[in-house]
2 protein chains.
Amino acid sequence: MLDATRDLIEGGGYFGAGLNQVVAASGAPRGSLYFHFPGGKEQLVGESVRRAGREIGDVARELAEAAPDAVGLVTGMLALLGDRLEESGWRRGCPVATVALEMAATSDPLQEVCSEVYGSWEGTLRDRLAADGHPEPEDTAVAVLALVEGALLLARAHRSREPLERVTRRVAALL
Amino acid sequence: MLDATRDLIEGGGYFGAGLNQVVAASGAPRGSLYFHFPGGKEQLVGESVRRAGREIGDVARELAEAAPDAVGLVTGMLALLGDRLEESGWRRGCPVATVALEMAATSDPLQEVCSEVYGSWEGTLRDRLAADGHPEPEDTAVAVLALVEGALLLARAHRSREPLERVTRRVAALL
DNA sequence: ACCTCATAATAGATCGGTCTACATATTTTA
DNA sequence: TAAAATATGTAGACCGATCTATTATGAGGT
């Protein structure tokens with residue numbers, strides 16, 4: 001159910017993930033949903049976003065250890081996210097962004113989840129920058145995350161990898 | 001009706017703008033909506049996004065003429081957008097972003113509108129950078145737009161101006 | 001008379017959420 | 001050890017609310 005929710009969320013956000021579609025895609029019956037997620041849709045989406053955030057965070061952390069420098073880490077993530085995005089027909093961008101924009105002002109629990117996920121991503125980025133001796137690790141980590149999230153947004157809006165490629169060419173200036 | 005739609009869109013995207021709320025907020029009756037917008041909700045939202053995009057684009061173009069350099073233009077926009085965002089209780093971010101993420105893969109007309117709006121913003125930014133003799137005006141324009149959009153997203157997710165301030169401090173490196 | 005547009009009732013579908021019934025497994029009790 | 005009770009989920013029908021869209025009607029100006 002969490003995986004089905006995530007797929008639907010990535011395509012169309014909180015409201016794009018109808019509970020009917022979730023139960024249809026997961027094969028589980030309606031009643032089971034409210035047994036496992038008594039908090040209803042809000043809880044289901046919250047746990048799904050947190051789960052997806054941890055997944056991507058793990059990939060980023062692995063890449064942060066493997067990459068030779070911060071530029072390699074960011075360009076690597078951009079390439080990975082670009083593949084995912086294009087292969088899915090411009091559906092799978094950031095699993096957090098859409099929910100964050102839709103619900104940040106409406107739902108306190110979901111805003112908190114989104115904030116935590118982004119905070120953890122900023123943390124792994126900041127740690128790598130600090131380890132490299134970057135002069136402004138905190139400001140730069142947030143800026144880089146904003147740059148990547150913005151690039152994903154523009155890529156989906158244009159249905160093209162071009163924004164990702166342009167950002168990839170310019171990210172070194174920020175680092 | 002277009003203004004009411006825009007307000008609702010900024011808060012919660014395409015699905016956050018129920019037509020019942022639109023007609024209630026605008027004071028117009030239900031039927032009038034489908035007289036003026038025979039294309040239904042898709043047309044209404046599309047025109048509203050285009051209208052909002054032109055508004056912000058106009059502000060950006062004025063600021064592009066008034067600002068002493070590209071850094072001033074971007075920091076000016078960030079300050080303006082930050083005010084709007086905080087004053088509205090973290091509701092009014094980018095009127096295009098949420099719809100773009102929700103509908104880019106679903107609705108061809110709306111994807112086209114979002115792509116055009118972002119394209120026009122990239123254009124004014126690129127022109128100013130080219131006029132300043134910047135070496136990579138096209139790549140940089142897209143990167144700066146991505147940076148600003150990402151900063152707005154993070155600010156809404158965290159319900160804080162901090163991401164905007166951090167990005168403001170680091171944007172000079174990109175320019 | 002004609003066209004433009006306002007007005008509100010209503011249709012039909014879908015929404016998130018709740019309900020009861022049922023199956024299986026585990027624990028308690030005699 | 002057998003029977004009863006409880007716990008854990010499955011399963012899908014069903015609810016009111018809300019959604020977008022359509023319809024019929026009528027006011028007002030030309």
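Letters go in sequence order (proteins before strands), and every chain restarts at 1.
When the side-chain nitrogen and oxygen atoms of B:Q21 are compared with OP1 and OP2 of D:dT18, none of them lie within a distance under 4.0 Å. Between C:dT7 and B:S32, no contact under 4.0 Å exists linking OP1 or OP2 to a side-chain N or O.
In this entry the distance linking CG of A:L33 with C1' of C:dT18 reads 12 Å, nearest Å. Put simply, CZ on B:F37 is 11 Å from P on C:dA6, counting in whole angstrom units. Atom-to-atom, NE2 of A:H36 to C1' of C:dG17 comes out at 16 Å; the value is rounded to the nearest Å. Between the CZ atom of A:F35 and the C1' atom of D:dG12 there is a distance of 17 Å, rounded to whole Å.
Proximity of A:V45 to A:I9: side-chain heavy atoms (C-beta onward) are separated by under 4.5 Å at one or more points.
Comment: A:E47 does not engage A:R51 in a salt bridge, judged by the lack of any side-chain N to carboxylate O separation of less than 4.0 angstrom. Between B:D3 and B:R6 there is no salt bridge, since no side-chain nitrogen of the basic residue lies less than 4.0 Å from a carboxylate oxygen of the acidic one.
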remark   = With B for base contact, S for sugar-phosphate-only contact and - for none (protein heavy atoms under 4.0 Å), nucleotides 20-30 of chain D reads BBB--------
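One side chain, B:E122 or A:H158, offers a donor N or O that lies under 3.5 Å from an acceptor on the other.
Here the rule is side-chain contact (heavy atoms from CB on, under 4.5 Å) with A:L175, and of A:D132, A:L129, A:L73, A:D69 only A:L129 fits it.
Listed by chain and number, the hydrophobic cluster partners of B:F35 come to none, as no ILVMFWY side chain reaches under 4.5 Å of it.
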